[in-house]
2 protein chains.
Amino acid sequence: MDLDRKDLAILAELTTNARASHTELANKVGLSSTALARRQKALEDDGYIQAYQAALDLAQFGLTTTVLVRIALESQSDEALKAFEAEVVKCPSVVRCFLMSGTDDYILIVLARDIQDFERIHRTELSRLPRVARVQSSFALREIVNRAVPTVVFGEAKR
Amino acid sequence: MDLDRKDLAILAELTTNARASHTELANKVGLSSTALARRQKALEDDGYIQAYQAALDLAQFGLTTTVLVRIALESQSDEALKAFEAEVVKCPSVVRCFLMSGTDDYILIVLARDIQDFERIHRTELSRLPRVARVQSSFALREIVNRAVPTVVFGEAKR
DNA sequence: TCTCCTTGGGCACACCGACGCGCATCTTGG
DNA sequence: CCAAGATGCGCGTCGGTGTGCCCAAGGAGA
């Protein structure tokens, strides 16, 4: 990983405007469009940029309620973990799922329309997960930070 | 919100290929480029599409460790919440922060290079947050699901 | 110190494709 | 039966993108 300030500036800008043209980016970064195209392609080929994706406003779809769900399994056997994970990926309302150290086995982040909708999700998605011993839900009252990329990434200039 | 299947197909595709051209999208959705351009612009103007952003591979930056941090404050006064939140947004390693119901006041998601790096973050970022009574950290051993958009969104066709 | 070589940058050009417009057609609802 | 909204086709223009070439800077070696 040897990225200079200009590479980071390109990444920072593309994190905001993924559809920016070479010329547009070149002006912001301080390069010619040729040099910028080379660097951008290198960033893609080297895997720093995984994809370009549209960010949807989930509130527009009525998904205003975020729920953190802690799940403990009946057993921590490899077979139980595999069975649980095979099913949890199918849950349409689950956006993240971590296998955790400590007492809780899994932590899920679930998006719902409201509390009543979460009751439905709990009934139709979560309670059907296999090998579950305990489910504990906490509602997010407000979201203070939501970043795709930690700001620390853009401050690690090498050259 | 009155989106038909084609609108959802457009959104689903843009969630993967934000840089797809009108022609390219039109073929996948089953529309002409003209009709697609109109619908895409409408989706942007109506706020369904918030932005187009590049997704970075954080593992390439060495950020392979995800930590869930539970934080309880000394008091739940409005002033304490405001003071805490004003500082937590400045933490460069924090990617998400929720104000929670229940016993824990806040839950943060922190990205670190490794466990030693998290110790540094704990010392230089987290322990400097104001009004904190208790900090409890859990490490994510593995990530099973990581979606930007719940799949349920793309299944709600109206027309 | 001089020279060679490599790496990255900029300029100019040409090609290809995207984009937006106008108009005719079709469907949907009243 | 009519009106309004949506679609598709064709076209022209504009802009982006990629290539080739030359230049500047820095490092290595004789």
Of G30(A) and A37(B), whose nearest nucleotide on DNA chain C comes first from the 5' end? G30(A)
Measure from [atom1] on [X] to [atom2] on [N] and round the result to the nearest Å.
{"X": "K6(B)", "N": "dT7(D)", "atom1": "NZ", "atom2": "P", "result": "7 Å"}
{"X": "L36(A)", "N": "dG18(D)", "atom1": "CG", "atom2": "C1'", "result": "14 Å"}
{"X": "N17(A)", "N": "dG16(D)", "atom1": "CG", "atom2": "C1'", "result": "16 Å"}
{"X": "R19(A)", "N": "dG15(D)", "atom1": "CZ", "atom2": "P", "result": "17 Å"}
{"X": "K41(A)", "N": "dT17(D)", "atom1": "NZ", "atom2": "P", "result": "14 Å"}
{"X": "L43(B)", "N": "dA6(D)", "atom1": "CG", "atom2": "P", "result": "12 Å"}
{"X": "N27(A)", "N": "dG10(C)", "atom1": "CG", "atom2": "C1'", "result": "14 Å"}
{"X": "L25(B)", "N": "dG17(C)", "atom1": "CG", "atom2": "P", "result": "17 Å"}

5'-most contact on DNA chain D (nearest-nucleotide basis), H22(A) vs A35(B), goes to A35(B)
With sequence neighbours excluded, what pairs up with [X] under the side-chain contact (heavy atoms from CB on, under 4.5 Å) test?
{"X": "E79(B)", "result": "S77(B), A83(B), R131(B)"}
{"X": "A51(B)", "result": "none"}
{"X": "I115(A)", "result": "F139(A)"}
{"X": "K6(B)", "result": "D4(B), V29(B), L31(B), R39(B)"}

Looking for any heavy atom pair under 4.0 Å, which part of the strands does T23(B) touch: base, sugar-phosphate only, or nothing? sugar-phosphate
Should R39(A) be listed as having a side-chain N or O under 4.0 Å from OP1 or OP2 of dG9(C)? yes
Counting just side-chain N and O atoms, does S32(A) come under 4.0 Å of either OP1 or OP2 of dG9(C)? no
Give the B/S/- string for nucleotides 21-30 of chain C, one per nucleotide from 5' to 3', where a protein heavy atom under 4.0 Å of the base yields B, of only the sugar-phosphate yields S, and otherwise -. BB--------
Residues that R38(A) engages under side chain to side chain donor-acceptor pair (under 3.5 Å), provided they are two or more places apart: none
Identify which nucleotide among dT17(D), dG8(D), dA18(C) has an atom closest to any side-chain atom of S21(B), counting heavy atoms from C-beta outward. dA18(C)
Does one side chain, of Q60(A) or D46(B), offer a donor that lies under 3.5 Å from an acceptor on the other? no
Interatomic distance, CG@L11(A) vs CD@Q40(A), rounded to 0.5 Å, equals 9.0 Å
